[in-house]
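Convention: sequence-line order gives letters A, B, ...; per-chain numbering from 1.
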Protein chains: 2
Amino acid sequence: MALEHAILVSLREQSATGYDLARRFDASIGYFWRASHQQIYRTLTRMAADGWVEGATEHRDGATDRTTYAITTAGRAELERFSATPSPREPLRSDFAVKLRGLLDTEAAIADAQARRADHQARLDTYEASAKRYYPDPSALSEDDRGPYLALRGGILLEQAGIAWCDEILGQLDRSER
Amino acid sequence: MALEHAILVSLREQSATGYDLARRFDASIGYFWRASHQQIYRTLTRMAADGWVEGATEHRDGATDRTTYAITTAGRAELERFSATPSPREPLRSDFAVKLRGLLDTEAAIADAQARRADHQARLDTYEASAKRYYPDPSALSEDDRGPYLALRGGILLEQAGIAWCDEILGQLDRSER
DNA sequence: AAAACCATGTAACTAGTTACATGATTAA
DNA sequence: TTAATCATGTAACTAGTTACATGGTTTT
């Protein structure tokens with residue numbers, strides 16, 4: 001399970017509250033692993049019990065208590081163990097491909113493909129802006145940047161493939177629709 | 001949830017036992033939606049209760065009873081409803097990308113990328129063989145073949161993107177390793 | 001004779017989603 | 001003064017995984 005590991009990766013970069021993590025999971029690390037705040041709080045509690053993270057609670061008058069989590073030595077060890085373990089391939093589950101496979105409603109499929117294309121394009125734009133901003137010269141990356149850069153490249157390649165797929169679908173279905 | 005719909009798509013093509021479906025989920029429809037036999041039997045029971053499929057049980061002396069499921073009118077209606085509903089984008093969850101993002105062990109990452117590349121290549125070979133066999137002339141597809149062909153094309157494009165990603169990773173990490 | 005395949009499940013567990021809930025602080 | 005943001009959760013539910021279980025039939 002990688003939610004724990006995604007959290008560890010993020011906390012290694014910078015300690016954070018559950019709330020901070022939830023926001024990071026809306027971008028950066030969240031490009032590769034989705035998680036809701038409910039899940040994050042639940043998982044942080046378990047990780048603290050396991051000793052992978054340590055929470056420091058700050059009482060603030062008026063405002064809600066705030067717990068900032070930091071990665072522990074055991075957490076770092078776990079990340080190293082994870083890092084050395086081959087990752088299983090993610091099981092593929094695509095509503096859209098299932099729908100295409102059983103194609104019944106061409107017009108709906110066209111609308112769907114158009115919406116997906118726009119979504120892919122929007123993400124691609126985000127990723128490319130990130131790449132340009134943080135890694136302007138990929139041939140001269142610092143050691144710390146290589147991993148994040150390559151992860152981002154994966155996102156870019158996947159979005160591009162998604163766009164190419166939508167274009168093929170639209171090409172085929174639009175033509176046969178007329 | 002698309003497991004029900006993947007089952008309906010498959011049963012619409014041909015009625016089947018749970019066992020048959022489980023095997024189909026190792027190939028064809030399973031290229032786009034993974035499911036274990038346990039999940040399939042459980043889901044078929046619920047779908048029968050919902051009236052989307054109908055099971056006919058055959059008692060065979062000596063051998064285990066066998067229930068063959070067929071899609072019902074209600075099941076077809078549900079498939080049409082599904083077909084007309086925009087599909088949400090699948091939430092992205094990649095162990096491998098998380099690992100890359102927090103890159104700690106370059107050698108392990110290289111090994112991982114090599115294994116993934118081989119896996120992508122193997123699937124790509126399978127998909128391309130399927131495409132060649134069943135849809136030798138994509139410019140002249142029958143109406144029934146358009147959906148399955150386009151779904152397969154999605155698989156092909158995704159695997160190609162996966163291979164390209166692995167190659168970039170290996171290019172970067174191999175170079176910096178030496 | 002052993003292995004693979006046919007055929008169907010139960011049980012316990014882990015992961016993820018959806019809905020609901022609370023209450024302060026800061027920016028428009 | 002209204003909306004957005006900060007901050008944290010509980011509860012109920014749905015989906016998926018892992019381990020275990022049974023027993024006949026066909027192929028090597």
Side-chain angles (χ1 to χ4, degrees), chain A residues 1-8 15-27 29-30 32-50 52-53 55-69 82 87-95 98, chain B residues 1-8 15-27 29-30 32-50 52-53 55-69 82 87-95 98:
Chain A
M1 215 270 290
L3 175 54
E4 276 104 335
H5 301 113
I7 289 176
L8 288 175
S15 295
T17 65
Y19 185 85
D20 294 332
L21 282 168
R23 274 183 316 166
R24 291 187 199 166
F25 274 82
D26 290 333
I29 191 79
F32 314 116
W33 201 275
R34 281 279 129 198
S36 62
H37 79 273
Q38 293 91 333
Q39 226 191 321
I40 289 167
Y41 282 115
R42 194 150 23 94
T43 303
L44 277 173
T45 304
R46 190 176 60 235
M47 289 170 76
D50 290 345
W52 293 357
V53 299
T57 303
E58 181 190 344
H59 302 278
R60 302 170 303 161
D61 356 292
T64 325
D65 282 4
R66 172 164 59 186
T67 305
T68 303
Y69 291 90
F82 169 71
S87 2
R89 259 205 70 172
E90 298 69 40
L92 188 51
R93 291 206 168 92
S94 166
D95 270 67
V98 166
Chain B
M1 216 273 289
L3 175 55
E4 276 102 338
H5 302 113
I7 289 175
L8 289 173
S15 295
T17 64
Y19 185 85
D20 294 334
L21 282 168
R23 274 183 315 166
R24 291 186 200 168
F25 274 82
D26 290 334
I29 191 81
F32 314 116
W33 201 275
R34 280 279 130 196
S36 62
H37 80 272
Q38 292 93 333
Q39 226 190 320
I40 290 167
Y41 283 115
R42 193 149 24 93
T43 305
L44 276 172
T45 305
R46 189 176 59 236
M47 289 170 76
D50 290 344
W52 293 357
V53 298
T57 303
E58 181 191 343
H59 301 278
R60 301 170 302 159
D61 356 292
T64 325
D65 282 4
R66 172 165 58 187
T67 305
T68 301
Y69 291 91
F82 169 71
S87 1
R89 259 206 68 172
E90 298 69 38
L92 186 51
R93 291 205 167 92
S94 166
D95 269 67
V98 167

Inset, instruction - Only counting residues at least two apart or in another chain, list the ones meeting side-chain hydrogen bond (donor to acceptor under 3.5 Å, both in side chains) with A:R93. - result: none
Inset, instruction - Please round to the nearest 0.5 Å and tell me the distance separating atom CD of A:E90 and atom CD of B:E90. - result: 13.5 Å
Legend entry - Nearest-0.5 Å distance that lies between atom OG1 in B:T64 and atom NE2 in B:H59: 12.5 Å
Legend entry - B:D26 with B:R23: basic N within carboxylate O range, under 4.0 Å: no
Which protein N or O atoms sit under 3.5 Å from an N or O of nucleotides 11-17 of chain C?
{"residue": "C:dG16", "atom": "OP2", "partner": "A:Q39", "partner atom": "NE2", "Å": "2.7"}
{"residue": "C:dG16", "atom": "O5'", "partner": "A:Q39", "partner atom": "NE2", "Å": "3.4"}
{"residue": "C:dT17", "atom": "OP2", "partner": "B:R93", "partner atom": "NH2", "Å": "3.2"}
{"residue": "C:dT17", "atom": "O4", "partner": "A:R42", "partner atom": "NH2", "Å": "3.0"}

Inset, instruction - State whether A:R60 places a side-chain N or O below 4.0 Å from either non-bridging phosphate oxygen (OP1 or OP2) of C:dT25. - result: no
Legend entry - Any residue meeting side-chain contact (heavy atoms from CB on, under 4.5 Å) with B:T43, in chain and number order, not counting sequence neighbours: B:L3, B:E4, B:I7, B:R46, B:M47
Legend entry - Degree of bending, the helix from C:dA1-D:dT28 to C:dA28-D:dT1 (end axes from five pairs; round to 10°): 50°
Inset, instruction - For B:Y19, enumerate each residue passing the ring pair (Phe, Tyr, Trp, His ring centres under 6.0 Å) test, keeping only those at least two apart in sequence or located in another chain. - result: none
Inset, instruction - Over all heavy atoms of both residues, which pair between B:A16 and B:L21 is shortest? Give the atoms and the distance, please. - result: CB-CG, 4.1 Å
Inset, instruction - Considering non-hydrogen atoms only, spot the tightest contact between A:D95 and B:S87 and give its length. - result: CB-CB, 3.9 Å
Inset, instruction - Select base, sugar-phosphate, or nothing to describe what B:T43 touches, counting heavy atoms under 4.0 Å on all strands. - result: nothing
Inset, instruction - Decide yes or no for A:Y69 and A:D20: does some side-chain heavy atom of the first lie under 4.5 Å from some side-chain heavy atom of the second? - result: no
Inset, instruction - Rounded off to whole Å, could you give me the NE2-to-C1' distance for the A:H37 and D:dT10 pair? - result: 10 Å
Inset, instruction - Heavy atoms only: give me the nearest A:S15-A:T68 pair and the separation to one decimal. - result: CB-CG2, 4.1 Å
Legend entry - Value in whole Å for how far the C1' atom of C:dT22 lies from OH of A:Y41: 13 Å
Inset, instruction - For DNA chain D, determine which residues of residues 15-27 of chain B have any heavy atom closer than 4.0 angstrom to one of its atoms, and list them numerically. - result: none
